[in-house]
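Atoms within each ligand, like the ligands themselves, are counted from 1 in listed order.
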Amino acid sequence: MQDYINPKLILESSAMEPGQVTWQSPSNLAIIKYWGKHGRQLPRNPSISFTLQTSVTQTQIDYKPREVAGQGVSLEFLFQGEPNPGFGEKQKIFMESLLDIFPFLSQMDLTIRSGNSFPHSAGIASSASSMSALALCLCSIEDQLFGTLGEDDAFDQKASFVARLGSGSACRSIYGGMALWGKTGEVAGSTDGWAIPMVEDIHPVFQTFHDDIMIVSKEEKSVSSRAGHGLMEENPFATPRYEQANRRLHELLPALRQGDIEQFGRIAEDEALSLHALMMTSNPSYVLMQPNTLEMINRIRRFRAETGHPVYFSLDAGPNLHLLYPEDAIHEIRPFIDEELGPLCEEGAWLPDWVGEGPEEI
Ligand code: DP6
């Protein structure tokens, strides 16, 4: 597998002009979940996701020749316009881990300004959007300085590779529509190293699918995804889980091609519940769903059974619920949200979102 280690990406200091890059990049929602990893951020099973449209991070990097020579990366980090030493330190450690891939980063003074479209404390995972935005910015800087990533495919592939190192799920946010990450015999060109776009294999009904986010709790989750992945190593159900994910991918791909919403919805819900079952069977076990998450699940299933409307749910590693439905059901589903789900959200907060077009350079 390509590892992108390249000691040649280093500049004559005199050749560097100050510059700036800005990317806006979305979050994504996995239908087949990535849960369990090994090595340098390699997944234990393939995953596939919807890229979202409105839940985005915008990241701007200003760079200039480094004034005071030193080790590592020289970085000032502002989040939502304010200095944020906690986030800044994490980004610095991550960028220092990339010095074998982008050695020129040690030659610069960098200022990163990053912000999310969604409220900071909405309890929404922001690592996919923030790490993909950062990776895209770093690839743009490389391309500005060295002209090495002019081809779109080469650029996207490297951005996805780097995003993966920051946060596994982030590698899928590089592409609009749907993206697949992880080697599987089902899809040519799939690999553990980066995600690939799935646009051509997706029925139009899924290209405009809605994915509204019901905020059950704005609180930060008690166990991070990173820790959760770690617990999979000792989980007694790990091996059958990875087999199950592969089997479900095998069932999902034809449903996506054919526009089979019922099969899609069944798999999406089963995956969400399997993810949380893995948390409950870890050692130590933990529960991230809350009473209102379960109440919403029951109401969605009851509404579906009573009305026949195609509405399904998914969950990330947290209590918030993603409501999935096709565009042509919106007039039936929105009143259902207003009457039945909205009142279960913290302060009534929910975020309309849908399958998006992918990142944008600003
Ligand atoms: C439940 O990508 O957040 O959202 O690689 O440790 O950063 P790290 O984990 P992360 O895990 C995401 C898990 C998930 C499922 C998914 O997005 O596939």
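Atoms of ligand 1 found under 4.0 Å from any heavy atom of Ala30, numbered from 1 in the order shown, are 16 (C), 17 (O), 18 (O). In summary, the atoms of ligand 1 found under 4.0 Å from a heavy atom of Trp35, numbered by their order in the structure, are 1 (C), 13 (C). Within ligand 1, counting atoms from 1 as listed, the ones closer than 4.0 Å to a heavy atom of Ser127 are 3 (O).
Under the ring-ring contact (aromatic ring centres under 6.0 Å, His included) criterion, Phe155 pairs with Trp23, not counting sequence neighbours. When the ring-ring contact (aromatic ring centres under 6.0 Å, His included) test is applied to Phe104, the partners found at least two apart in sequence or on another chain are Phe102, Phe146.
Residue Met131 does not touch ligand 1, judged by heavy-atom distances below 4.0 Å.
Under a 4.0 Å heavy-atom criterion, Lys37 is in contact with ligand 1. At least one heavy atom of Arg172 sits less than 4.0 Å from an atom of ligand 1.
Under the 3.5 Å distance criterion, with hydrogens and angles disregarded, no donor-acceptor pair is assigned to the side chains of Asp353 and Gln53. Checking Arg66 against Ser74 by side-chain atom types alone, no donor-acceptor pair falls below 3.5 Å. Defined by atom type and a distance below 3.5 Å, a donor-acceptor pair is missing between the side-chain atoms of Gln244 and Arg247.
Here's the thing with Asn28: none of its N/O atoms is less than 3.5 angstrom from an N/O atom of ligand 1. Considering both main-chain and side-chain atoms, Gly168 comes within under 3.5 Å of ligand 1 through a nitrogen or oxygen pair. Looking at Ser169 next to ligand 1, an N or O pair under 3.5 Å apart turns up. Note: no N/O pair closer than 3.5 Å links Ser47 and ligand 1 by distance alone.
Atom 1 (C) of ligand 1 has its nearest heavy-atom neighbour, among Leu278, Leu275, Asn45, Leu315, in Leu275.
The residue from Glu269, Glu295, Glu306, Glu340 that alone fulfils the salt bridge (Lys or Arg N to Asp or Glu O under 4.0 Å) condition with Arg301 is Glu269.
Ring planes of Phe264 and Phe50: tilted class, angle from 30 to 60°. Ring geometry for His203 against Phe206 counts as perpendicular: the plane angle is over 60°, on a 0 to 90° scale with 30° as the lower cut.
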